[in-house]
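Inspection log for the structure reproduced underneath, given as C-alpha cells.
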2 protein chains.
Amino acid sequence: MPSDVSATQVGELLQAAARAFSQQGLARFGEHGLSPARVRLLTTLHQRPGSRMRDLADVLGVSGRAVTPVVDALESDGLVARTADPGDRRAFRLTLTDAGLATIDRITELQHRVSEEIFGGLTPADRAQLGGLLRKFLVTVSREPCPQNPAD
Amino acid sequence: MPSDVSATQVGELLQAAARAFSQQGLARFGEHGLSPARVRLLTTLHQRPGSRMRDLADVLGVSGRAVTPVVDALESDGLVARTADPGDRRAFRLTLTDAGLATIDRITELQHRVSEEIFGGLTPADRAQLGGLLRKFLVTVSREPCPQNPAD
DNA sequence: TATTGTTATACTCTATAACTATA
DNA sequence: TATAGTTATAGAGTATAACAATA
C-alpha cells in the first residue's frame, strides 16, 4: 500500500463521508428552516459573541459580501441583532437575541441527535479515534495552509 | 455521557476537515477550470463508463435535473459525449472523449498532489487508520440511510 | 401508466466591483 | 488611503414541476 495512494484515498473518503453527513444531517436541519449558511453563522456567532461582520466573514472563510444577506435573513427572523460598534462607527456588532439563543439550543439538540444517528454504526472507541485523527489533521492543515502572501 | 458528546464533536470535526480539504483542494482545481460538480461527474463517469444520465444522478445523489447542465457544459467543452442508448431510445449513454480521459489524468494527478500536500502532516499510519475509519463509517451509513433507532 | 431527459422557473450561496461612511 | 458594510450584478449548483418521447 503506497502512501500516496493512501493519501488520495483518504481525501476521497473524507469527501464522501462529509457528503453523507451533510445529506443526512443538514437535510434534517432544512426541515426546521435552518440552512447550512445560517446554522454556520449562528453557531460561529454563538462562539464569538459580539463579532463584527468582517470578523465573521474571515472566520467563516467567505467574502464580506456573503455575510450581509445571511445576517439580513437572520435579523428579519429575529434571531440576531445588529448593534452599533461604539469604537468604530462603520462596523456592527452582532448579537444573538433570545430567539437566537433558543435556536442555538435547537441546533445543538438536533446536532446531537443527528450525530448519534449517523455515527451510531461506529463504536465509541472508533468515534474517539476518528475524532482524534480528524483533530490532528486539522491542526496540521491550519498550521501550513498556504502562508506566503504577506509579502505584498 | 461522553459518547454523545463525542458523536457531536466527530460530526463537527468531519465538517471542518472536509471544509479545509475543499477549500485547499478543490480551490486548486478551480485554477484548471474544474468545478467540483464537473469533477464529480467526470470521475463518476470514469468509474462507470457508458452510464445513463439517470444512473449518474442516482449515484451522485442529485436530481436528474441537476445533471443536464453539467453534462451540457462538459459536452460543449468536448470532454464527454452523449450517444444514443441502443436499448432505450429515451436514454443517453455518456462516454468520456479522449480529451475527457486526458482531463481524468489531470484530475488524478492533481488529486494526488493535493492529497499529499494536505495530508502531509499525518503519518502513513495515521492516514491508513483515518481511511479505515472513514470507510467503516461510510459502510454503516450507507447500510442504514434512515435508521429508526429510538432506543436512545 | 411509468420513465428518460428536457425546458422553465426559482432558490441558496457566494464572488467581484462600485459605492458610502467612516477611519 | 484603507476599511466596514452595503448595493448591484453575476454565476454555479440544485430543486420542483410540466412536458416530450419512449417504454
Side-chain angles (χ1 to χ4, degrees), chain A residues 15 18-19 22-23 26-45 48 50-77 80-95 150 152, chain B residues 15 18-19 22-23 26-27 29-42 44-45 48 50-77 80-95:
Chain A
Q15 284 183 285
R19 204 161 184 90
S22 286
Q23 292 209 340
L26 296 186
R28 177 78 54 95
F29 278 66
E31 302 168 6
H32 297 249
L34 296 167
S35 73
R38 294 182 196 185
V39 169
R40 286 224 308 143
L41 196 146
L42 285 175
T43 53
T44 305
L45 179 57
R48 304 159 180 266
S51 290
R52 298 177 312 152
M53 294 176 69
R54 180 85 290 249
D55 300 331
L56 282 183
D58 291 339
V59 172
L60 294 170
V62 299
S63 73
R65 174 66 183 91
V67 173
T68 298
V70 180
V71 171
D72 285 347
L74 292 172
E75 191 177 34
S76 87
D77 283 353
V80 309
R82 288 177 166 94
T83 56
D85 184 332
D88 185 342
R89 295 206 298 206
R90 296 170 301 180
F92 288 115
R93 296 282 173 179
L94 297 180
T95 53
D152 53 355
Chain B
Q15 283 183 285
R19 205 162 183 89
S22 285
Q23 292 209 340
L26 296 186
F29 278 66
E31 302 167 8
H32 298 248
L34 296 168
S35 72
R38 293 183 195 185
V39 169
R40 286 223 307 144
L41 197 147
L42 285 174
T44 304
L45 180 57
R48 304 157 180 267
S51 290
R52 297 177 313 150
M53 293 176 70
R54 180 85 291 247
D55 300 332
L56 283 183
D58 291 338
V59 172
L60 295 169
V62 299
S63 73
R65 174 65 183 93
V67 174
T68 299
V70 180
V71 170
D72 285 347
L74 292 172
E75 191 177 35
S76 88
D77 284 353
V80 309
R82 286 178 168 95
T83 57
D85 184 331
D88 185 342
R89 295 204 298 205
R90 296 170 302 181
F92 288 115
R93 296 283 173 179
L94 298 180
T95 53

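Letters go in sequence order (proteins before strands), and every chain restarts at 1.
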Which listed nucleotide ([options]) is nearest to the side chain of [X]?
X: A/V62; options: C/dA15, D/dT6, D/dT14; result: C/dA15
X: B/M53; options: D/dT22, D/dT14, C/dT6; result: C/dT6
X: B/A91; options: D/dG13, C/dT4, D/dT6; result: C/dT4
X: A/A66; options: C/dT14, C/dA23, D/dT7; result: C/dT14

Whole-Å distance separating the [atom1] atom of [X] from the [atom2] atom of [N]:
X: B/L94; N: C/dG5; atom1: CG; atom2: P; answer: 8 Å
X: B/L56; N: C/dT6; atom1: CG; atom2: C1'; answer: 16 Å
X: B/Q23; N: C/dT14; atom1: CD; atom2: P; answer: 10 Å
X: A/L60; N: C/dA15; atom1: CG; atom2: C1'; answer: 15 Å
X: A/R89; N: C/dT22; atom1: CZ; atom2: P; answer: 6 Å
X: B/D58; N: C/dG5; atom1: CG; atom2: P; answer: 10 Å
X: A/D77; N: C/dT12; atom1: CG; atom2: P; answer: 11 Å
X: A/D72; N: D/dT6; atom1: CG; atom2: C1'; answer: 9 Å

Under 4.0 Å, counting only non-hydrogen atoms across every strand here, what does [X] touch: a base, just sugar-phosphate, or nothing?
X: A/R65; answer: base
X: A/R93; answer: nothing
X: A/P36; answer: sugar-phosphate
X: B/S35; answer: sugar-phosphate
X: A/D88; answer: sugar-phosphate

_Looking at B/D85 and B/R89, is there a salt bridge between them, counting it only when a charged N and a carboxylate O are closer than 4.0 Å?_
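So B/R89 does not pair with B/D85 through a salt bridge.
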
*Taking C-beta and beyond as the side chain, do B/M53 and B/R93 meet within less than 4.5 Å on heavy atoms?*
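No, their side chains stay 4.5 Å or more apart.
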
*asked:* Let me spell it out: for each of A/S63 and B/R54, pick the nucleotide of DNA chain C with the closest heavy atom. Which residue's pick is nearer the 5' end?
replied: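 Result: B/R54.
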
*B/R52 side chain near C/dT4 phosphate (N/O to OP1/OP2, under 4.0 Å)*: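 Indeed, a polar side-chain atom of B/R52 lies that close.
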
*Do you know which two heavy atoms are closest between A/A18 and B/A18, and how far apart they sit?*
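Closest approach of A/A18 to B/A18: CB-CB, 3.1 Å.
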
*Counting N and O atoms only, with roles assigned by atom type, does the side chain of B/R38 sit under 3.5 Å from a partner on the main chain of B/L74, one being a donor and the other an acceptor?*
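Such a contact is absent between B/R38 side chain and B/L74 backbone.
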
*Considering residues, nucleotides and ligands other than A/R82, do more than 12 of their heavy atoms fall under 6.0 Å from its CZ?*
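Count over threshold, so yes.
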
